[in-house]
Amino acid sequence: MSQPEYGADTAAPADVHMPDAVTAGALDHAIFRVARLHRMLAGQLLRRVGPHPGQEPVTRQLWDRGPQRQTDLVRPLGSDPAAMTRTVRRLENAGFVRRFPCATDKRVTVVEPTAAGTALRAAVERVRLDLEAGATEGTPPERQADALEVLRRIEESLARATSRQT
């Protein structure tokens, strides 16, 4: 199969050589590449202020919803209990959250941001705005809205496909 031409309206920048095998899953490969680059840039930007990309969603959840049971952080963040325990432990070691037993059930661990963790909020929000600005540079607002709608639909489709697999 011949190598397709990529440009502004296709799956990859014109200077990126795509393997012929990718033409059967160009959208899948584009999502993979975008997610990888997005996480890489997020890591570079977040490294300047504190939390790692995998930890930052936990802090955002706590900022938005306040102290929570550790188990309640798992589902909305698409995690699993073991991974959440590691993430919260690392955030605790960094001084961004604290864990304590629930007052009504000592088997339950509650997580809350510390003063240092709360102080990160403005810097993390600036990082996210910078990341979005970098990702959408040169894209008109109406195209950005279209992209959000497409991504929402892709997310819904993937969530449905995931639930059918379990």
Fill in: Ion pair check, D80 and R86, cut-off under 4.0 Å
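A salt bridge is absent here (no side-chain N lies under 4.0 Å from a carboxylate O).
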Tell me whether the count of non-hydrogen atoms from other residues, nucleotides or ligands lying under 6.0 Å of [atom1] in [X] goes above 12.
| X | atom1 | value |
| --- | --- | --- |
| E149 | CD | yes |
| E156 | CD | yes |
| R75 | CZ | no |
| F32 | CZ | no |
| E132 | CD | no |
| R153 | CZ | no |

Is there a continuous path of hydrophobic side-chain contacts, each under 4.5 Å between heavy atoms, that joins [X] to [Y]?
| X | Y | result |
| --- | --- | --- |
| V124 | L129 | no |
| V108 | V111 | no |
| L131 | L148 | no |
| V110 | V58 | no |

Of the non-hydrogen atoms in [X] and [Y], which two are nearest, and what is the gap between them?
| X | Y | value |
| --- | --- | --- |
| V74 | M84 | CG2-CB, 3.8 Å |
| G95 | A116 | O-CB, 3.6 Å |
| P53 | G43 | CG-CA, 3.4 Å |
| P140 | G138 | CD-O, 3.6 Å |

Worksheet entry | Counterpart residues, side chain to side chain donor-acceptor pair (under 3.5 Å), relative to R99 (two or more places apart) |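 Per chain and number, R99 pairs via side chain to side chain donor-acceptor pair (under 3.5 Å) with E92.
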Discussion item. Could you tell me if R160 and S163 have a donor-acceptor pair between their side chains, going purely by distance under 3.5 Å?
Written reply: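 R160 and S163 do not have a side-chain donor-acceptor pair below 3.5 Å.
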Item to complete: State, with a plain yes or no, whether a side-chain heavy atom of D146 is found less than 4.5 Å away from one of V150.
Response: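 A side-chain contact is absent here, since even the closest heavy-atom pair is not under 4.5 Å.
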Item to complete: Give, for atom OG of S157 and atom CZ of R152, the distance between the pair rounded to the nearest 0.5 Å.
Response: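 Reported value, rounded in 0.5 Å steps: 9.5 Å.
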Worksheet item: Would a distance-only check, ignoring hydrogens and angles, find a side-chain to backbone donor-acceptor pair under 3.5 Å from T114 to F96?
Response: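 Side chain of T114 to backbone of F96: a pair is present.
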Item to complete: Applying side-chain contact (heavy atoms from CB on, under 4.5 Å) between V88 and each of N93, V97, L62, report the one that passes.
Response: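 That would be V97.
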